[in-house]
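Note that ligands are numbered from 1 as they come in the structure, with each ligand's atoms numbered from 1 the same way. Just so it is clear, the structure is predicted and the values come from calculations on it, not from any experiment.
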Amino acid sequence: MIWTNWARTVSVTPVRQEQPASEDELSDAVRRAVREGHPVRVVGGGHSFAPAAATDGVQLNLDRLNALHRVERDPDTGHALVTVGAGMRLHQLNRILAERGLAMQNLGDIDQQSLAGAISTGTHGTGARFGGLATRVRGLAIVGPDGEVTRATPTEQHDLFEASRLGLGATGVLSSVTIEAVPAFDLHAIEEPWPLDRVLEGVHDLVADNDHFEFFWFPATRRALTLRNRRIEPGTHTGSGLGSRARKLAGAARTFLDEEVLSNGLFEVTNRMATAFPATTPTLSAIAARALTARRYTAPSHEVFCTNRRVRFREMEYAVPRAAVVQVLAELDSWQRSTGENIPFPVEVRFAPADDVWLSTAYGRETAYIAVQQYWRLPHDRYFDAAERIFTAVGGRPHWGKLHTRDADYLADQYRRLPDFRRARAAADPEGVFANPYTRQVLG
Ligand SMILES: Cc1cc2nc3c(=O)[nH]c(=O)nc-3n(C[C@H](O)[C@H](O)[C@H](O)COP(=O)(O)OP(=O)(O)OC[C@H]3O[C@@H](n4cnc5c(N)ncnc54)[C@H](O)[C@@H]3O)c2cc1C
């Protein structure tokens, strides 16, 4: 059976696919694969652009390991610790949390990923004070190559914990994940088209002054769509239910970003036009950028963070030192202008604080994430090659789940804790049962 990822960048034929329904069945599946001499990889939502989940061995799908196990209070901090099956999708997790008056502290653009897949590749959102999903992990259950389950926390099996909370599944199969949730909150969202120069002149203040700031820049134009979100107390609605007025406003705003900008039929049509008639792209982008009108609304956090992305695309995203963001965008702009490259998709720019997760793209430095995206029917190689040259010149670190060409030598210079990661991985999986060509490329 052929397996293909969401972006249609990876296609493989595993020797078999299995979908265990319990941790015991998962352990058995791993033991069986090892006995037969097959490598093992887990696939989550298949939303990585990189071949992270690819294998010609046994591919495990944990969609049935998606139960809520427990909600408890951290005895020291009083914070909510929520343990769920590792295959749980983020949209399910968001709903379960909302029903309990809780929320993820921060989220990325979509909610289709599995929790394990999202943390394993360093999935992140935006916000100068709010790190990626892996920074919220407080415990893991990991099935090793012998099928045994090891519990790892910051204090128990510390190195295995650090290597596994963002480790591309290279240390074993995560069967459950404990995350620290926060009390439910709403986001007051302001979405406005701005001249790009206004954004770039004030970018560091915008990042500092807003809980969650990001922008989309339309190449070949000097226009950007800015998104500023402020965290506020939840409104009168409770749980996952929205009041009808709030729902209407949130719906209108979702329509704005989803339907007008990124994911709907109209955007599909403009991308098809740009594919058939490349010369129209700058005009289409200028129209799209100018057509945007300002919106303000308030809704529960996960409804604001996550959108539907229905127009298929390919993506490369690099984490660069935050201080380099203006220079990097200027270089991308000048490359696009000098080549006239056909780029109907906007460039997405987000921000994160420095964190301490060994393989986090934001490890030890304040970060700007710059994502170049291309409509899937258009070639992306020349664009992404040029972008990658610009990103790597400032010490950029590629998103582990997105397209890039970096190898373990390059990444060793970027990740001070890579030797620690390798030691923990060698102890957990000495024979490389959980390796695939991608982990060999990036981790050695
Ligand atoms: C439309 C779209 C929007 C996106 N938006 C964002 C965004 O806003 N921010 C961002 O940072 N990224 C974003 N991404 C990237 C995405 O979040 C990551 O690629 C993520 O890994 C996908 O999760 P998944 O469940 O699909 O994992 P998969 O792609 O299926 O797997 C990812 C990795 O996790 C491993 N893995 C999965 N489950 C387990 C397990 N139980 N145990 C051990 N290893 C496991 C796999 O083997 C693989 O190495 C986006 C991707 C798409 C297609």
S.K.: Does at least one non-hydrogen atom of A118 fall below 4.0 angstrom from an atom of ligand 1?
M.R.: yes

S.K.: Quick one: look at A52 and ligand 1, take heavy-atom pairs under 4.0 Å, and tell me if it's side chain, backbone, both or neither.
M.R.: both

S.K.: Could you tell me, atom by atom, which parts of ligand 1 come under 4.0 Å of a heavy atom of V173?
M.R.: 42 (N)

S.K.: Is there any N or O on I110 that sits under 3.5 Å from an N or O of ligand 1?
M.R.: no

S.K.: Would a line drawn from the ring center of H124 to the ring center of H399 be shorter than 6.0 Å?
M.R.: yes

S.K.: For G44, counting its heavy atoms only, list the atoms of ligand 1 lying under 4.0 Å from any of them.
M.R.: 25 (O), 28 (P), 30 (O), 37 (C)

S.K.: So which of T121, V42, L140 gets nearest to atom 20 (C) of ligand 1, if we judge by its closest heavy atom?
M.R.: T121

S.K.: Relative to each other, are the rings of F313 and F345 parallel, tilted or perpendicular (30° and 60° limits)?
M.R.: tilted

S.K.: Considering only protein heavy atoms, which is closest to atom 51 (C) of ligand 1, and at what distance to one decimal place?
M.R.: H47 O, 3.3 Å

S.K.: Tell me the protein heavy atom at minimum distance from atom 42 (N) of ligand 1, and give that distance in Å.
M.R.: L174 N, 2.9 Å

S.K.: Looking only at non-hydrogen atoms, which of E214, K402, R312 approaches atom 13 (C) of ligand 1 most closely?
M.R.: K402

S.K.: Run the numbers for me: atoms of ligand 1, each under 4.0 Å from some heavy atom of G108, listed by number.
M.R.: 8 (O)

S.K.: Determine whether the side chain, the backbone, both or neither of E315 has a heavy atom under 4.0 Å from any heavy atom of ligand 1.
M.R.: neither

S.K.: Under the criterion side chain to side chain donor-acceptor pair (under 3.5 Å), which of R382, Q336, Q374 is the partner of E341?
M.R.: R382

S.K.: Heavy-atom distances under 4.0 Å decide this one: backbone, side chain, both or neither, for H399 against ligand 1?
M.R.: side chain

S.K.: Touching ligand 1 at all, R350? Heavy atoms, strictly under 4.0 Å?
M.R.: yes

S.K.: Identify the heavy atoms of A184 and A103 that sit nearest to each other, and give their distance.
M.R.: CA-CB, 4.0 Å

S.K.: List every atom of ligand 1 that sits less than 4.0 Å from any heavy atom of T123, numbering the atoms from 1 in the order shown and giving each element.
M.R.: 9 (N), 10 (C), 11 (O), 12 (N), 16 (C), 17 (O), 18 (C), 20 (C)

S.K.: On a heavy-atom basis, which atom in D146 and which in E148 lie closest, and how many Å separate them?
M.R.: OD1-N, 3.0 Å

S.K.: From the options H380, K402, E315, R314, select the one residue that forms a side chain to side chain donor-acceptor pair (under 3.5 Å) with Q373.
M.R.: E315

S.K.: Apply the ring pair (Phe, Tyr, Trp, His ring centres under 6.0 Å) test between W400 and each candidate in Y415, Y438, F49; give the one that qualifies.
M.R.: Y415

S.K.: Atoms of ligand 1 less than 4.0 Å from W6 heavy atoms?
M.R.: 1 (C), 53 (C)

S.K.: Within this structure, what is the CZ-CG distance for the pair R129 and N106, rounded to the nearest 0.5 Å?
M.R.: 10.5 Å

S.K.: If you count heavy atoms of other groups shown closer than 6.0 angstrom to CZ of R230, is the number above 12?
M.R.: no

S.K.: Taking a cutoff of less than 4.0 Å between a non-hydrogen atom of the residue and any ligand atom, is F313 in contact with ligand 1?
M.R.: yes

S.K.: So which protein heavy atom does atom 32 (C) of ligand 1 come closest to, and at what separation?
M.R.: S48 OG, 3.4 Å

S.K.: Out of R314, E317, R41, who gets a non-hydrogen atom closest to atom 49 (O) of ligand 1?
M.R.: R41

S.K.: Any idea which heavy atoms bring S48 and T121 closest together, and the distance?
M.R.: OG-CG2, 3.9 Å

S.K.: Decide whether an N or O pair under 3.5 Å exists between V43 and ligand 1.
M.R.: no

S.K.: Students should be able to answer this: which protein heavy-atom is nearest to atom 22 (C) of ligand 1, and at what distance?
M.R.: Q113 CG, 3.5 Å

S.K.: At what distance, to the nearest 0.5 angstrom, does CZ of F218 lie from CD1 of I343?
M.R.: 13.0 Å

S.K.: Just which atoms of ligand 1 are under 4.0 Å from any heavy atom in L62?
M.R.: 41 (N)

S.K.: I'd like to know if D109 and R350 make a salt bridge, using a cut-off of under 4.0 Å between side-chain N and carboxylate O.
M.R.: yes

S.K.: Applying the side-chain contact (heavy atoms from CB on, under 4.5 Å) test to Y369, which of V325, T361, V320 qualifies?
M.R.: T361

S.K.: Evaluating non-hydrogen atoms only, which member of G172, S164, A116, G45 is closest to atom 43 (C) of ligand 1?
M.R.: G172

S.K.: Charged N to carboxylate O under 4.0 angstrom, R296 versus E192?
M.R.: yes

S.K.: Who gets closest to atom 44 (N) of ligand 1 by heavy atom: G169, S176, A141?
M.R.: G169

S.K.: Determine whether the side chain, the backbone, both or neither of F49 has a heavy atom under 4.0 Å from any heavy atom of ligand 1.
M.R.: side chain

S.K.: Give yes if a backbone or side-chain nitrogen or oxygen of H124 is under 3.5 Å from a nitrogen or oxygen of ligand 1, and no if not.
M.R.: yes

S.K.: Tell me: protein heavy atom nearest atom 37 (C) of ligand 1, and distance?
M.R.: G117 CA, 3.6 Å

S.K.: If you take the centroid of each ring, where Trp contributes its six-membered ring, are F130 and H212 closer together than 6.0 Å?
M.R.: yes

